[in-house]
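Working notes, beginning with the structure itself.
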Number of protein chains: 2
Amino acid sequence: MDKSKKPRRRAGSISPDERVQAILEAACAVFLEKGFANARVEDVAARAGIAKGTVYLHFASKEALFEALISSLALPPLDGLTALLADETGSSADLLRRAIGIFKDGVLASERRHVLRLLLTEGPRFPAIARFHHDHVVSRAIPMLRAVVARGVERGEFATDALARFPHLFVSPMLLALVWEALFSDIETLDVDGLMNAHLELILRAMEPR
Amino acid sequence: MDKSKKPRRRAGSISPDERVQAILEAACAVFLEKGFANARVEDVAARAGIAKGTVYLHFASKEALFEALISSLALPPLDGLTALLADETGSSADLLRRAIGIFKDGVLASERRHVLRLLLTEGPRFPAIARFHHDHVVSRAIPMLRAVVARGVERGEFATDALARFPHLFVSPMLLALVWEALFSDIETLDVDGLMNAHLELILRAMEPR
DNA sequence: TGATTATGACTGACTGGTCAGTCATAATCG
DNA sequence: CGATTATGACTGACCAGTCAGTCATAATCA
């Protein structure tokens with residue numbers, strides 16, 4: 001409509017923070033569609049409604065932009081988990097049930113799953129990102145899950161500590177769901193809810209005292 | 001009966017089959033180290049001890065080379081699994097135990113795991129490869145596992161069919177081990193044997209009739 | 001047999017295209 | 001105004017894929 005040649009920023013236009021946010025959002029879309037190597041900084045800029053050079057006013061390099069993107073989205077859902085698992089009132093089984101819910105809603109069902117997928121596919125070539133995610137997400141989540149299971153075992157609610165030794169097992173089906181979606185979603189859909197319910201059923205039966 | 005063809009070759013030359021093999025091996029090393037996008041065909045050639053142009057005498061493009069690499073390594077271990085699961089004599093629990101062994105030896109502990117990792121990271125941008133793997137590996141393995149569990153349930157050896165509905169759950173810890181190695185191996189090692197034993201323990205406890 | 005020609009596997013310099021990152025310039029703000 | 005922010009043409013590096021030429025060997029000839 002109006003813009004014919006030069007829609008320049010006007011008074012009260014967006015702040016640097018908003019600009020950064022816009023770039024990150026655009027970067028998310030472009031990196032997800034193309035992967036790191038095939039994504040063009042120019043496309044990110046275009047999608048954010050700015051010129052390529054402007055991206056470099058906010059990020060030192062394409063790589064820095066990518067790392068900022070991953071980092072900015074990795075953390076939030078972990079807090080929900082922290083809060084949940086601190087709760088000592090309910091049964092341990094319920095706690096696990098709700099932990100699955102958090103994973104499902106906070107990761108698998110949210111846009112965040114795409115970023116996690118990106119971490120998965122690009123991580124091997126970005127050790128810094130892998131390390132960041134390990135230090136800030138994995139190495140926090142594992143002990144939390146471990147503590148919940150250990151407590152359940154102590155209280156006599158759970159009959160085996162296999163899951164306390166390897167909380168990874170609790171998470172692996174979600175990883176599978178993620179990978180399945182990335183690779184096979186348009187060949188054969190996976191019933192993620194069914195999968196998670198079956199997972200929970202198996203876990204809880206396995207730990208049930210008899 | 002024998003070769004009607006008389007290949008004309010230079011001094012240090014080898015047969016076409018061996019050449020292709022050498023290229024695939026070199027490609028494996030280079031693609032693993034760099035990923036598809038960052039791998040240079042020239043490096044593959046150099047590693048195979050030939051010139052770049054020669055690669056194109058055997059493969060139409062870098063992409064074709066990559067697809068040939070993945071395809072050539074995906075199939076073998078599946079046959080071991082087929083043979084194993086056809087065996088109706090032992091207990092179903094034992095069958096699952098041995099299936100894990102096959103996965104562990106045939107994939108996780110072999111060089112093949114690297115190729116699987118490559119499939120994982122590059123698959124999203126190579127739908128053809130993802131489809132190939134789905135059609136030739138996944139869609140064969142899942143029904144096999146399903147059949148074993150279903151039989152166990154019918155025979156009264158297993159108390160729940162959750163695993164028959166989602167054989168994916170049986171495989172997901174191996175996927176996790178693979179991903180962990182790709183991302184975090186030099187930050188924190190994962191005890192894969194311990195993980196698989198814990199997995200088996202949980203699965204079997206869960207299905208144990210009581 | 002040794003000399004000559006035919007073959008095709010192999011080479012690597014070259015081309016054409018892509019794209020990250022730069023910077024002189026321009027627009028806008030305060 | 002000068003300061004701040006944005007632009008996009010440009011550069012330099014990189015690399016997939018090509019192809020005209022090389023040369024070891026096989027086939028044929030004398």
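Only a predicted model underlies this, so the values are computations on that prediction, with no experimental measurement involved. Here is how names work: the chains are called A, B, and so on, in the same order as the sequence lines, proteins then strands, and each is numbered from 1.
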*Taking CZ from A:Phe36 and P from C:dA20, how many angstroms apart are they, rounded to a whole number?*
8 Å
*Rounded off to whole Å, could you give me the CD1-to-P distance for the B:Ile50 and D:dT22 pair?*
21 Å
Kindly give the atom pairs (protein nitrogen or oxygen, nucleotide nitrogen or oxygen) under 3.5 Å for nucleotides 13-15 of chain D.
unit_1: D:dC15; atom_1: OP2; unit_2: B:Arg40; atom_2: NE; d: 3.1

*Using a cut-off of less than 4.0 Å, is there contact between a side-chain N or O of A:Arg19 and OP1 or OP2 of D:dT5?*
no
_Using the side chain to side chain contact (heavy atoms under 4.5 Å, CB included) definition, which of the options A:Ile23, A:Val55, A:Val30 pairs with A:Val41?_
A:Val55
*Atom-to-atom span, CG of B:Leu57 to P of D:dA16 - whole angstrom*: 16 Å
*Polar contact flag, side-chain donor to acceptor under 3.5 angstrom, B:Thr160-A:Glu201*: yes
_Length of the NE2-C1' vector between A:His58 and D:dT4, whole Å_ = 12 Å
*Where A:Pro173 and A:Met196 come nearest, the two heavy atoms and their spacing*: CB-SD, 4.4 Å
*Specify the separation, in whole Å, of atom OH of A:Tyr56 and atom P of D:dG8.*
16 Å
*Which base, if any, makes a Watson-Crick or G-U wobble pair with D:dA16, both distances under 3.5 Å?*
C:dT15
*asked:* Between P on D:dG17 and CG on B:Leu65, what's the gap in Å once rounded to a whole number?
replied: 10 Å
*Side-chain N or O of B:Thr54 less than 4.0 angstrom from OP1 or OP2 on C:dA9?*
no
*Paired with C:dG2 by Watson-Crick or G-U wobble geometry, both distances under 3.5 Å: which nucleotide is it?*
D:dC29
*Between B:Phe36 and B:Phe126, does the ring centre distance come in under 6.0 Å?*
yes
*Identify which one of A:Val115, A:Asn38, A:Leu65 satisfies the side chain to side chain contact (heavy atoms under 4.5 Å, CB included) criterion when paired with A:Phe31.*
A:Leu65
*Does a salt bridge link B:Asp135 with B:Arg131, judged by any charged N lying under 4.0 Å from a carboxylate O?*
yes
